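Structure first, then comments.
In this text the structure is predicted, and so the values were computed from the model without any measurement. The sequence lines fix the lettering, A, B, ..., with proteins before strands; numbering per chain opens at 1.
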There are 2 protein chains.
Amino acid sequence: MPRAGLTTAAVVDAAAALANEIGLPNLTLALLAERLGVRSPSLYRHVNGLPELLHQLALRGVDGLAGAMAGTSGLPALANAYREYAVANPACYAASQRADPRLDEAATRALAPIFALIASYGIPDTGRVHAARIIRSALHGFVSLETTGGFGLPDKLDDTFALLISALETGLQSAPEHTRHQ
Amino acid sequence: MPRAGLTTAAVVDAAAALANEIGLPNLTLALLAERLGVRSPSLYRHVNGLPELLHQLALRGVDGLAGAMAGTSGLPALANAYREYAVANPACYAASQRADPRLDEAATRALAPIFALIASYGIPDTGRVHAARIIRSALHGFVSLETTGGFGLPDKLDDTFALLISALETGLQSAPEHTRHQ
DNA sequence: TGACGAAAGCTAATGATGTTAGCTAACCTC
DNA sequence: GAGGTTAGCTAACATCATTAGCTTTCGTCA
C-alpha cells in the first residue's frame, strides 16, 4: 500500500478547501480523511485533533485577511480586500471570527492596516479604538450576512457594499467631534 | 416514576436558556435532557430532533428581535433594542442568523421596523434595500463581534455603539445622492 | 547495496452523540 | 374504576472524534 504523502500543510490546505465547499460547521475529520484518501486516525499524524485543525483554519483566516488588507491604501481598497478575501474563503473567515486567545497576536497584526487607515483620518487617539470597532462592525456584518446568505436575494450587493463604504467614510469623518465628548 | 411534565414550549425554553448559557455550538440533546431530568430519546416526544430544535430557536430569535424593535421609533431606539435583545439572548440571536427558507416569513416581519425607519429618512425607493442592508450590516456586525467576544476588551462598548449609530445616521443621510446613481 | 530506525498509515477499540423502535406505566376521560 | 392515549423509558444502531498499538514504507548511513 503506497503512502499518501501527507503533510500538516497539505491537511490544512485540504481542510480549508473542503470547509469552503461544504461550510465550516459541516467539516468533519471523517470527510476530510475520505477526501485525502486516508483513514481518519491517520490525520492525527499531522494535526492534533479537530479543535487544533479549526485553530489552524482560524489562523489562516486571520493571516489571509491581514495579507489581503496589508497592501491597500484608503478605506474603499481596504474594505474591498476584506470582502474579497472573506467571500473567497468563507470557512477560514468564519473560523477566524471565533474568539481564541491564541489568535490575539495574529489578530493584532491583522488590525494594523485598519489602525493605520484611521490615523490618516485625523481621528484623535481617544477615538481610534471606537473607529476601529465601527469599521470592523460594518465590514464583518456585511461579509457575515453575505457569506451566510443572510441577505435575501444577492441582487446588487456590490452596490450596497459601495454605499456602505461611503456611508462609513462620511460617518467616520463626523466622528471626531463625538469622540471628544467622552 | 413520576412524569417530568414536559411540553414542546418547555423544551424549547430550556434549550434557549441552556444555549444562552453555554453557547449555541455547545448545545446538545444529551445536555438538554440532563438539564430537564429526562433521557435524551424522551425529547423526541416534544421536538423532532436537533435540527428542528435549532429551527425553533432561530424562530424565537427572529420573533424576539422583531418584538424588540417593533415598538421603537428612531434609529437609536431601534438599534439599542436590537443590541439589547441579542446580548440578552445570544444563542437565539445566533440561531436566527443561519439562512433557512422556513425563516423567510418571520424575517420579513422582523425587517418591517427597519424599512419603516428608512421610509422616514426620505430615502427613495431604489435605495431602501441598500439602506436596510447597511443598517443590518452595522447592527449585526457589532452585535456579532460583541457576543462572540470579537472585540478585545469590552471597554466602553456602549460608547462605541453610540458612535456607530450616529455614524450610521450621518452616513445614511448622505446616501440618497448615491442611490440615485444606479 | 543492505540494514536500521523513524514515522506514515492502518486496524481495533472506546466513548459521546443523534436517532429509531418498541415497551411500560402514568394520566385523562368516560 | 376501566381503557385508551402518550410521556418517558431501555435497547440498539450509525456516525464521529480519539487513543493504542501494529505494520510497512521510506530515508539514511554503514
Whole angstrom value for the distance that separates [atom2] of [N] from [atom1] of [X]:
X: Leu50(B); N: dA14(D); atom1: CG; atom2: P; value: 20 Å
X: Asn26(A); N: dA17(D); atom1: CG; atom2: C1'; value: 16 Å
X: Tyr44(A); N: dA20(D); atom1: OH; atom2: P; value: 12 Å
X: Leu32(B); N: dG18(C); atom1: CG; atom2: P; value: 9 Å
X: Leu27(B); N: dT17(C); atom1: CG; atom2: P; value: 11 Å
X: Arg45(A); N: dA7(C); atom1: CZ; atom2: C1'; value: 6 Å
X: Leu43(A); N: dA17(D); atom1: CG; atom2: C1'; value: 11 Å
X: Glu34(B); N: dC9(D); atom1: CD; atom2: P; value: 13 Å

Expected output: side-chain [X] to main-chain [Y] donor-acceptor under 3.5 Å:
X: Arg136(B); Y: Gly150(A); result: yes
X: Ser144(A); Y: Gly141(A); result: no
X: Thr148(B); Y: Arg98(A); result: no

Short side-chain N/O contact to [N] OP1/OP2 from [X], under 4.0 Å:
X: Thr28(A); N: dT15(D); value: no
X: His46(A); N: dG9(C); value: yes
X: Ser42(A); N: dA8(C); value: no
X: Arg3(B); N: dA25(C); value: no

Salt-bridged, Arg133(A) to Glu146(B), with N to O below 4.0 Å? no
Taking the basic N atoms (NZ, or NE/NH1/NH2) and the acidic carboxylate oxygens, is any pair closer than 4.0 Å for Arg83(A) and Asp158(A)? yes
Looking at Arg39(B) and dG8(D), is any side-chain donor or acceptor paired with a base atom of the opposite kind under 3.5 Å? no
When you match Ser40(A) and Ser40(B) each to their closest nucleotide on DNA chain D, which lands nearer the 5' end? Ser40(B)
